[in-house]
Amino acid sequence: MHLAGHYYHVYNRECNRERIFVNEGNYEFLVKRTNSFLSDYSLSVIAYCLMPKHYHFLCRPEEDDSLWRFIQRLFNSYTQAFNKQQGRSGTLFEGRAKSILVDTDDYVIHLCRYIHLNPVRAGLVMHPSQWAYSNYLE
C-alpha cells in the first residue's frame, strides 16, 4: 500500500533484455500519457527518467493507493500501444513495478540526482539537460 503524503521510488525494467522504447515516438507517447493521466489521480511526479530498457519515477501520492492505480494504468496502456506498434504480444516489463518508500529529505534529494543522472551514467548524454525523456529541466 502506498500512503498519502509519502514519497516513493517506482521503477521497472524490460523483459527478455528487449528495449521498451525503440524510437522517439515511444518516449513521447509515454510522456504525453503520463501528463494526461495525472489529472485523474491525486499524486505528484517529482522526478522521472525514461531509459531505453527501464524507467524511474519519484512520486508523492495525495491519496492512499492512487500511485499504484496510476502506474498500472499508465504502463498497461503503454504496453498495449507498444505491442500493437511492434506487432508483438505479451509482457513488456519484468513483472510488476517495484517501489521503495523514500523516508528522508536527504534520500529524496539523492534520488532526484540518481534518476536524472541515469542517461549520463549510461553514456547517452553528457549532461542531464540533454536527455529529453526526463523532467530534469522542470
Side-chain angles (χ1 to χ4, degrees):
M1 178 178 227
H2 296 101
L3 301 175
H6 294 276
Y7 294 94
Y8 294 91
H9 177 202
V10 180
Y11 59 96
N12 206 346
R13 67 180 189 168
E14 88 293 341
C15 183
N16 299 324
R17 299 178 189 219
E18 298 174 9
R19 291 176 59 121
I20 56 175
F21 302 101
V22 296
N23 58 49
E24 286 184 24
N26 295 145
Y27 290 105
E28 292 166 0
F29 176 87
L30 189 62
V31 169
K32 286 179 186 173
R33 261 312 142 96
T34 300
N35 293 330
S36 170
F37 288 172
L38 272 174
S39 64
D40 296 335
Y41 298 90
S42 293
L43 67 95
S44 300
V45 174
I46 310 305
Y48 76 85
C49 186
L50 309 177
M51 297 290 288
K53 293 186 174 189
H54 69 282
Y55 66 82
H56 295 274
F57 279 78
L58 175 59
C59 298
R60 185 176 190 266
E62 301 305 326
E63 254 179 41
D64 291 352
D65 280 338
S66 62
L67 177 56
W68 269 138
R69 291 191 313 270
F70 169 74
I71 292 295
Q72 184 177 27
R73 181 178 175 202
L74 178 63
F75 286 101
N76 282 346
S77 169
Y78 179 75
T79 298
Q80 289 174 10
F82 183 85
N83 282 351
K84 184 176 181 179
Q85 178 199 54
Q86 298 297 312
R88 66 183 300 278
S89 63
T91 188
L92 183 58
F93 296 98
E94 187 176 84
R96 295 178 71 168
K98 287 85 176 160
S99 69
I100 297 172
L101 174 66
V102 181
D103 56 359
T104 68
D105 290 344
D106 286 343
Y107 193 12
V108 169
I109 293 167
H110 167 77
L111 202 50
C112 285
R113 285 187 196 119
Y114 172 80
I115 288 170
H116 288 129
L117 286 171
N118 251 248
V120 175
R121 284 191 304 277
L124 299 171
V125 294
M126 296 296 293
H127 190 271
S129 64
Q130 298 169 312
W131 188 248
Y133 312 112
S134 79
N135 64 341
Y136 174 80
L137 291 175
E138 291 175 17

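FYI, side chains are in, hydrogens and waters are out, and symmetry mates aren't considered; it's all heavy atoms of this structure. Worth saying up front: this structure is predicted, and the values here are computed from it rather than measured.
Environment of CZ in Arg17: sparse, with no more than 12 heavy atoms of neighbouring residues, nucleotides or ligands closer than 6.0 Å. Atom CZ of Arg73 sits in a crowded spot, with more than 12 heavy atoms from other residues, nucleotides or ligands closer than 6.0 Å. Other residues, nucleotides and ligands contribute over 12 non-hydrogen atoms within 6.0 Å of the CG atom of Asn35.
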Audit row: Phe57, Leu74, side chain to side chain contact (heavy atoms under 4.5 Å, CB included) steps and yes/no: CA-CA 12 Å; Phe57 279 78; Leu74 178 63; 4.1 Å; yes
Side chain to side chain contact (heavy atoms under 4.5 Å, CB included) between Trp131 and Tyr27, worked out: CA-CA 11 Å; Trp131 188 248; Tyr27 290 105; 4.0 Å; yes
Show, in sequence, the C-alpha distance, side-chain angles and deciding distance for Tyr48 and Thr34, and conclude whether the side chain to side chain contact (heavy atoms under 4.5 Å, CB included) test is met. CA-CA 10 Å; Tyr48 76 85; Thr34 300; 5.7 Å; no
Could you please spell out the steps behind the ring-ring contact (aromatic ring centres under 6.0 Å, His included) verdict for Tyr55 and Phe75? CA-CA 11 Å; Tyr55 66 82; Phe75 286 101; 4.0 Å; yes
Stepwise, does the side chain to side chain contact (heavy atoms under 4.5 Å, CB included) test hold for Tyr41 with Glu63? CA-CA 8 Å; Tyr41 298 90; Glu63 254 179 41; over 6 Å; no
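Under the rule for a salt bridge (Lys or Arg N to Asp or Glu O under 4.0 Å), Arg33 has no partner lying at least two apart in sequence or in another chain. Partners of His116 according to the ring pair (Phe, Tyr, Trp, His ring centres under 6.0 Å) rule, which considers only residues two or more places apart in sequence or in another chain, are Tyr136. Residues satisfying the salt bridge (Lys or Arg N to Asp or Glu O under 4.0 Å) criterion with Arg88, sequence neighbours excluded, are Glu18. Residues satisfying the salt bridge (Lys or Arg N to Asp or Glu O under 4.0 Å) criterion with Asp64, sequence neighbours excluded, are absent altogether. Judged as a salt bridge (Lys or Arg N to Asp or Glu O under 4.0 Å), and not counting sequence neighbours, the contacts of Arg13 are Glu94.
When every heavy atom of Thr91 is checked against every heavy atom of Phe93, the shortest pair comes out as OG1-O, 3.0 Å. Here the shortest heavy-atom pairing between Leu43 and Ser66 reads CD2-O, 3.6 Å. Minimum heavy-atom separation, Met126 to Val120: O-CG1, 3.9 Å. Across Val10 and Ala97, no two heavy atoms sit closer than the pair CG1-CB, 3.9 Å. Closest heavy-atom contact between Ala122 and Met51: CB-CE, 3.7 Å.
Atom-to-atom distance recorded for Leu67:CG and Ser42:OG is 12.0 Å, nearest 0.5 angstrom. Distance check, rounded to the nearest 0.5 Å: NE2 of His56 to SG of Cys112 gives 12.5 Å. Residue Arg96 holds its CZ atom at 11.5 Å from CD1 of Ile71, rounded to the nearest 0.5 Å. The OH atom of Tyr8 lies 10.5 Å from the CZ atom of Arg60; values are rounded to the nearest 0.5 Å.
Side-chain atoms of Tyr78 come within 3.5 Å of backbone atoms of Ile20 as a donor-acceptor pair (strictly under, hydrogens ignored). Side chain of Thr79 to main chain of Asn76: no donor-acceptor pair is present (N/O by atom type, distance under 3.5 Å, no hydrogens or angles). Judged by distance alone, with hydrogens and angles left aside, the side-chain atoms of Asn26 form a donor-acceptor pair with the main-chain N or O of Asn23 at under 3.5 Å.
Looking only at side-chain heavy atoms (C-beta outward), Trp68 and Ser99 come within less than 4.5 Å of each other. Using a 4.5 Å cut-off on side-chain heavy atoms (C-beta onward), Leu30 and Tyr133 make no contact. Looking at heavy atoms from C-beta onward, Leu92 lies out of side-chain contact with Glu14 at the 4.5 angstrom threshold.
Hydrophobic cluster membership differs between Ile109 and Val45, with clusters built from Ile, Leu, Val, Met, Phe, Trp and Tyr side chains linked at under 4.5 angstrom.
Other members of the cluster containing Ile46 are Tyr7, Tyr11, Leu58, Ile100, Val102, Tyr107, Val108, Leu111, Tyr114, Ile115, with ILVMFWY side chains joined at under 4.5 Å, either directly or via other members.
Each of Leu117, Asn135, Asn118 was evaluated against Cys49; a single residue qualifies, Asn118, per the side chain to side chain contact (heavy atoms under 4.5 Å, CB included) test.
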